[in-house]
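Just so you know, these numbers use all the heavy atoms, side chains as well, and skip hydrogens, waters and symmetry mates. Just so you know, these numbers come straight off a predicted model, no measurement behind them.
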Amino acid sequence: MLRCKLKTVEDSFIESDLVRCHRKYIVNISKVNILRAEKEGYKISLDLENVDTIPISKTYEQNVLSRFNSKQ
């Protein structure tokens with residue numbers, strides 16, 4: 001699994017709390033602490049120490065927002 005593409009991981013966990021937010025990142029939506037709108041786009045802050053904010057690309061923005069809102 002370490003050498004597979006993120007698309008494969010994304011497809012494998014379609015019914016879970018994992019959601020693709022960027023071409024480089026898949027996050028656990030239940031670990032999102034803050035979803036912040038900035039002028040250059042949305043950013044995710046996780047409730048984990050020593051983890052920088054994660055950008056949300058335009059490609060995945062609607063999916064992330066709908067998944068985040070459904071968890072609220």
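- Residues Thr53 and Arg36 are in side-chain contact: their nearest non-hydrogen atoms beyond the backbone lie under 4.5 Å apart.
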Q | Chi angles and distances behind the side chain to side chain contact (heavy atoms under 4.5 Å, CB included) call for Ile56, Ile44 | A | CA-CA 7 Å; Ile56 299 175; Ile44 292 175; 3.5 Å; yes

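- The CD atom of Glu61 sits 9.5 Å away from atom OG1 of Thr59, with the distance rounded to the nearest 0.5 Å.
- Leu6 has its side chain within reach of Arg20: a pair of non-hydrogen atoms, C-beta onward, lies under 4.5 Å apart.
- Rounding to the nearest 0.5 Å places CG of Asn28 at 5.5 Å from CG of Leu18.
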Q: For Ile26 and Val19, run side chain to side chain contact (heavy atoms under 4.5 Å, CB included): C-alpha distance rounded to whole Å, both residues' side-chain angles, the deciding distance at 0.1 Å, then the answer.
A: CA-CA 5 Å; Ile26 293 178; Val19 63; 6.0 Å; no

Q: Please assess Leu46 against Asn33 for the test side chain to side chain contact (heavy atoms under 4.5 Å, CB included), listing each intermediate value before the final yes or no.
A: CA-CA 5 Å; Leu46 300 176; Asn33 193 22; 5.8 Å; no

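- Cluster membership check: Tyr42 does not share its hydrophobic cluster with Ile34, using side-chain heavy-atom separations under 4.5 Å among Ile, Leu, Val, Met, Phe, Trp and Tyr.
- A chain of hydrophobic side-chain contacts below 4.5 Å, direct or via other Ile, Leu, Val, Met, Phe, Trp or Tyr residues, connects Leu48 to Leu35.
- When side chains are defined from C-beta on, Ser45 does not count as touching Val32, because their heavy atoms never get closer than 4.5 Å.
- Separation of atoms CD (Gln62) and CZ (Arg67) is listed at 14.0 Å; rounding is to 0.5 Å.
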